[in-house]
Amino acid sequence: MNDEWAGARWFKSDDSGDHGCVEIAFHGGKIGVRDTKDSGTGPVLGFTEREWKCFISGAKKGEFDLPQP
């Protein structure tokens with residue numbers, strides 16, 4: 001894991017269950033996202049607060065939903 005995220009407190013959704021999911025951290029003025037299956041050793045995607053707000057807004061509107069067959 002990148003030293004930039006050392007000491008970050010990571011959170012995951014209660015809905016993620018035992019199959020893995022993503023987790024996020026708010027640390028050093030940035031928001032980090034990583035895969036829980038990597039057990040904290042994989043890459044972290046870092047976002048500014050503005051980028052994160054835009055993503056969350058789009059997700060709430062369904063902009064990233066998979067197309068239905």
Side-chain angles (χ1 to χ4, degrees):
M1 174 178 35
N2 187 322
D3 288 341
E4 177 183 2
W5 298 98
R9 185 168 175 222
W10 293 90
F11 302 88
K12 68 178 184 173
S13 169
D14 292 337
D15 295 329
S16 66
D18 295 332
H19 302 292
C21 199
V22 295
E23 54 190 352
I24 64 169
F26 302 95
H27 185 70
K30 290 200 172 187
I31 296 90
V33 179
R34 68 181 185 185
D35 189 336
T36 59
K37 293 186 296 291
D38 291 333
S39 301
T41 61
V44 175
L45 297 173
F47 300 91
T48 66
E49 186 175 340
R50 175 156 170 68
E51 292 166 337
W52 184 251
K53 285 181 179 180
C54 288
F55 171 74
I56 293 299
S57 176
K60 287 180 179 179
K61 292 177 190 174
E63 293 177 5
F64 310 116
D65 290 355
L66 293 174
Q68 297 299 314

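Remember, it's a predicted structure, so these values are computed and weren't measured experimentally.
Listed by chain and number, the residues in a side-chain contact (heavy atoms from CB on, under 4.5 Å) with Arg50 are Thr48, Cys54 (sequence neighbours excluded). Not counting sequence neighbours, the partners of Asp35 by the side chain to side chain donor-acceptor pair (under 3.5 Å) test are Lys37. With sequence neighbours left out, the ring-ring contact (aromatic ring centres under 6.0 Å, His included) criterion links Phe26 to no other residue. Annotation: salt bridge (charged side-chain N to carboxylate O under 4.0 Å, His left out) contacts of Lys53 (sequence neighbours excluded): Glu49.
Distance check, rounded to the nearest 0.5 Å: CD1 of Ile31 to CD1 of Ile56 gives 9.0 Å.
The hydrophobic clustering, which links ILVMFWY residues whose side-chain heavy atoms are closer than 4.5 Å, places Val44 and Phe47 apart.
Pairs of residues two or more places apart, or lying in two chains, that qualify as side-chain hydrogen bond (donor to acceptor under 3.5 Å, both in side chains) and include a residue from residues 22-31 are Glu23-Arg34. Under the side-chain hydrogen bond (donor to acceptor under 3.5 Å, both in side chains) criterion, no residue pair touches residues 56-67, with sequence neighbours excluded.
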task = Evaluate the side chain to side chain contact (heavy atoms under 4.5 Å, CB included) criterion for residues Phe11 and Arg9: first the C-alpha distance (whole Å), next the side-chain angles of each, then the deciding distance (0.1 Å), finally the verdict.
result = CA-CA 7 Å; Phe11 302 88; Arg9 185 168 175 222; 3.8 Å; yes

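Taking both residues in full, the closest heavy atoms of Ala59 and Phe64 are given as N-CE1, 3.5 Å, listed atom of the first, atom of the second, then distance. Of all non-hydrogen atoms in Asp38 and Pro43, the two that sit nearest each other are OD2-CD, 4.1 Å.
Between Val33 and Phe55, every side-chain heavy-atom pair lies at or beyond the 4.5 Å cut-off.
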